[in-house]
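Numbers here are sequence positions counted from 1.
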Amino acid sequence: MRRVIFSLFLFAFSTMFAAAQQYDLVLEGGRVMDPETGLDAVRNVGIRDGKIVRVSSEALSGRRVVHASGLVVAPGFIDLHQHGQELESQRVKALDGVTTALEMEIGVPDVAQFLKAKEGHSLIHYGTAASHAAARALVFGAPLSASGSSTRAGIPEILPKSGPATDQPATPDQIEAIRERLRAELDAGGLAIGMGIQYTPGATRLEVIDMFRLAAERRLPVYTHVRSSGRIEPGSSIESISEVIGAAAITGAALHIVHINSSCTRDSLECLSLVEGARARGLDVTTEAYPYIAGMTSINSALFNPGWREEMGIDYSELVLPDTGEHLTKERFDELHNSPTTHWVLIFSNTQEMVDKVIPHPLVMIASDGAEGHPRNAGTYARVLAQYVREKGTLTLMDALRKMTLMPAQMLERSMPAARLKGRLQEGADADIVVFDANTIGDRSTFQKPMEPSVGVRYLVVGGTVVVDEGKIVPDVFPGRALMGLGKRSASHN
Ligand SMILES: [Zn+2]
């Protein structure tokens with residue numbers, strides 16, 4: 001009898017214990033929004049083992065319960081285009097609502113080394129494309145540094161300096177060597193082929209098509225910064241968008257055109273109509289933009305090869321050094337362009353009016369192109385929510401979230417099927433979640449103070465771990481995991 005009572009007691013105790021511990025974390029009473037299903041209602045979210053297990057209007061119990069009433073609970077933002085992969089940038093991304101930030105435009109010089117260096121040291125999820133520009137530089141005997149330059153130690157070089165490796169055409173043997181290097185980089189976990197065609201102007205149309213052919217063989221997409229952002233022919237942005245859409249049509253590779261706002265500037269709506277036309281013909285072409293009128297790049301890159309002023313329709317004074325705010329003159333430009341040290345420069349080439357038309361466009365995802373020195377690194381997502389949803393009213397909150405979560409996750413599904421579990425606030429999805437105050441969320445980063453974090457993100461959950469708690473970064477947690485392309489060697493046999 002005593003034994004029975006004891007067993008009953010144990011049973012009751014363990015049931016109670018199980019109920020109290022049912023979830024690791026519960027987000028209680030928030031406005032849960034999921035762009036895929038259209039759910040927009042007050043719900044409780046139960047998280048266990050890094051997954052969203054329950055989305056319900058019933059009360060849920062957990063080891064920790066976060067009261068989210070009055071706050072939006074949405075999938076964490078997925079930034080397909082983030083260059084600043086170091087911890088300082090990850091912190092401001094987290095406070096901007098980002099749970100995954102990928103270097104997809106160009107890619108790092110060494111995929112395996114990048115993934116190894118970040119393992120266990122990453123606040124948010126990370127991943128990279130295999131870099132055509134870096135493979136080309138390697139084949140031309142001018143390799144980029146995977147561990148960074150002396151001035152930017154630990155930050156991989158992604159852009160080659162202007163020279164033979166960027167400006168000369170490759171021989172057929174060199175093209176094959178570039179493809180061989182890219183195959184190895186994809187085997188190492190590259191999510192796509194990243195091309196910055198404007199940074200390798202020596203690459204012929206055929207070299208570009210050959211890279212798309214390799215992507216198609218691996219059933220992976222090409223992410224590209226197109227050949228030119230000019231407004232006159234030859235070399236117009238219209239021509240360069242047509243080039244990559246043509247390559248996608250010829251090869252069957254999916255294509256993602258990065259920052260259509262800065263590649264097409266005042267012709268962005270025309271460029272968007274080209275993407276729209278390609279999609280209407282059944283091609284897999286997508287694009288993205290960031291909500292700022294200035295771009296930023298390396299001043300000794302091939303983007304500033306002779307003729308850039310005529311081509312881009314801008315002058316020296318529209319180039320500004322991010323750290324000092326200095327507007328350049330011809331003399332100062334020549335000095336920095338010829339310097340062996342990499343200097344970043346802001347390019348004021350777009351208008352607010354155009355950016356305001358591009359961001360709400362239904363085909364445009366939000367992606368930051370972030371790196372230290374430009375406010376887009378810290379402020380892109382909160383800025384869209386503040387300016388376009390709250391102030392201008394040109395986007396609904398759900399549509400803005402779709403551009404930041406579901407659309408990039410669907411793009412990522414071309415590289416890894418497991419991305420079906422990202423960008424969704426649904427049972428079974430990965431517990432990458434942002435909890436924010438829609439009334440106060442906003443960017444604070446400026447061209448003068450580019451690393452000021454956004455406000456309004458109250459909680460951020462990465463793979464079930466809280467990394468932003470009551471608006472503050474939690475110290476010493478690194479739940480970020482690598483996103484990688486899978487089984488690439490065998491992909492061609494499927
Ligand atoms: Zn770019």
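- Taking 4.5 Å as the limit, some side-chain heavy atom of Ser229 sits within range of a side-chain heavy atom of Gln198.
- For the pair Ser263/Ile257, no side-chain contact is recorded, criterion being any heavy-atom separation below 4.5 Å from C-beta on.
- Here Asp187 pairs with Arg218 in a salt bridge; the nearest charged N to carboxylate O distance falls below 4.0 Å.
- Atom CE in Met33 sits 10.5 Å away from atom OG1 in Thr37 (nearest 0.5 Å).
- At distances below 3.5 Å, not a single donor-acceptor pair connects side-chain atoms of Glu157 with backbone N or O atoms of Leu159.
- Rounding to the nearest 0.5 Å places CD1 of Ile197 at 3.5 Å from OG1 of Thr224.
- Annotation for Leu102 and Gln85: closest pair C-NE2, 3.8 Å, computed over non-hydrogen atoms.
- A salt bridge does not link Arg424 to Asp34: none of the charged nitrogens lies less than 4.0 Å from a carboxylate oxygen.
- Side-chain contact between Asp40 and Arg31 is present, with at least one heavy-atom pair separated by less than 4.5 Å.
- Expressed to the nearest 0.5 Å, how far NE2 of His125 lies from CG of Asp79 amounts to 14.0 Å.
- In the model, His83 has a side-chain atom that pairs as donor or acceptor with a side-chain atom of Glu103 under 3.5 Å.
- A cation-pi geometry, defined here as NZ or CZ lying under 6.0 Å from the six-membered ring centre and within 45° of its normal, holds between Arg383 and Tyr292.
- At least one donor-acceptor pair under 3.5 Å links the side chain of Asn44 to the backbone N or O of Gly29.
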Pair Leu39, Arg43 - check side-chain contact (heavy atoms from CB on, under 4.5 Å), show working. CA-CA 10 Å; Leu39 175 69; Arg43 291 283 186 272; 4.1 Å; yes

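- Inter-residue side-chain proximity for Val466 and Leu460 is flagged as unmet; no heavy-atom pair is nearer than 4.5 Å.
- For the pair Ala294 and His374, the tightest heavy-atom approach, listed with the atom from each and the gap, is O-NE2, 2.8 Å.
- Nearest heavy atom pair, residue Val98 against residue Ala101, reads CG1-CB, 4.1 Å.
- Remark: side-chain polar atoms of Asp432 are paired, donor with acceptor, to backbone N or O of Gly463 under 3.5 angstrom.
- The closest side-chain heavy-atom distance from Asp430 to Ile52 is not below 4.5 Å.
- Residues satisfying the salt bridge (charged side-chain N to carboxylate O under 4.0 Å, His left out) criterion with Lys392, sequence neighbours excluded, are Asp356.
- To the nearest 0.5 Å, atom OH of residue Tyr381 and atom CG of residue Leu401 are 12.0 Å apart.
- Under the 3.5 Å distance criterion, the side-chain polar atoms of Glu105 are left unmatched by any main-chain donor or acceptor of His81.
- Between the side chain of Arg444 and the backbone N or O of Pro453 there is at least one donor-acceptor pair closer than 3.5 Å.
- Side-chain atoms of Gln82 and Asn377 include a donor-acceptor pair closer than 3.5 Å.
- Checking Met104, His256, Met411 one by one against Pro221, the side chain to side chain contact (heavy atoms under 4.5 Å, CB included) holds for a single residue, Met411.
- Using a 4.5 Å cut-off on side-chain heavy atoms (C-beta onward), Val53 and Ile47 make no contact.
- The heavy-atom pair separating Lys403 from Val364 by the smallest distance is NZ-O, 2.7 Å.
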Could you walk me through whether Val462 and Ile433 satisfy the side-chain contact (heavy atoms from CB on, under 4.5 Å) test, starting with their C-alpha distance in whole Å, then the side-chain angles of each, then the deciding distance to 0.1 Å, before giving a yes or no? CA-CA 7 Å; Val462 174; Ile433 301 172; over 6 Å; no

For the pair Ile366 and Ile359, evaluate side-chain contact (heavy atoms from CB on, under 4.5 Å) and give the outcome as yes or no after the intermediate values. CA-CA 8 Å; Ile366 305 303; Ile359 294 296; 4.0 Å; yes

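- The backbone N or O of Ala378 lies less than 3.5 Å from a partner atom in the side chain of Ser454, making a donor-acceptor pair.
- At a threshold of 4.0 Å, the pair Lys93-Asp96 does not count as salt-bridged, since none of the basic side-chain nitrogens sits closer than that to a carboxylate oxygen.
- Closest heavy-atom contact between Ala253 and Ala248: O-CB, 3.5 Å.
- Of all heavy-atom pairs between Ser240 and Val226, the closest is OG-CG2, 3.4 Å.
- Surrounding CD of Glu353 are at most 12 heavy atoms belonging to other residues, nucleotides or ligands under 6.0 Å away.
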Go through the steps for Ser122 and Gln90 under the test side-chain hydrogen bond (donor to acceptor under 3.5 Å, both in side chains), then give the verdict. CA-CA 8 Å; Ser122 196; Gln90 289 200 329; 2.8 Å; yes

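- The structure places CE of Met407 at 5.0 Å from CE of Met365, a figure rounded to the nearest 0.5 Å.
- A donor-acceptor pair shorter than 3.5 Å cannot be found between the side chains of Glu372 and Ser89.
- The pair Asp24-Arg48 does not meet the salt-bridge criterion, since no charged nitrogen lies less than 4.0 angstrom from a carboxylate oxygen.
- Using a 4.5 Å heavy-atom cutoff, the side chains of Phe436 and Tyr459 are not in contact.
- For Arg219 (side chain) and Ala215 (main-chain N/O), no donor-acceptor pair under 3.5 Å exists by modelled atom type.
- Thr100 is listed as a side-chain neighbour of Lys422, based on a closest heavy-atom distance under 4.5 Å.
- The backbone N or O of Leu363 lies less than 3.5 Å from a partner atom in the side chain of His361, making a donor-acceptor pair.
- Side chain to side chain, Ser298 and Tyr199 fail the donor-acceptor criterion of an N or O pair below 3.5 Å.
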Starting from the C-alpha separation in whole Å, work towards a yes-or-no answer on side-chain hydrogen bond (donor to acceptor under 3.5 Å, both in side chains) for Glu452 and Ser445. CA-CA 4 Å; Glu452 284 293 296; Ser445 57; over 6 Å; no

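- Screening residues 462-476 for side chain to side chain donor-acceptor pair (under 3.5 Å), with sequence neighbours left out, gives Arg64-Asp469.
- In this structure, Phe447 has its ring center under 6.0 Å from that of Phe348.
- Here the side chain of Ser268 pairs a donor or acceptor atom with the backbone of Thr265 at under 3.5 angstrom.
- Atom OH of Tyr23 and atom CG of Leu60 lie 5.0 Å apart (nearest 0.5 Å).
- Not one N or O on the side chain of Arg54 forms a donor-acceptor pair closer than 3.5 Å with the backbone of Val45.
- The environment of CD in Glu427 is crowded: more than 12 heavy-atom neighbours from other residues, nucleotides or ligands sit within 6.0 Å.
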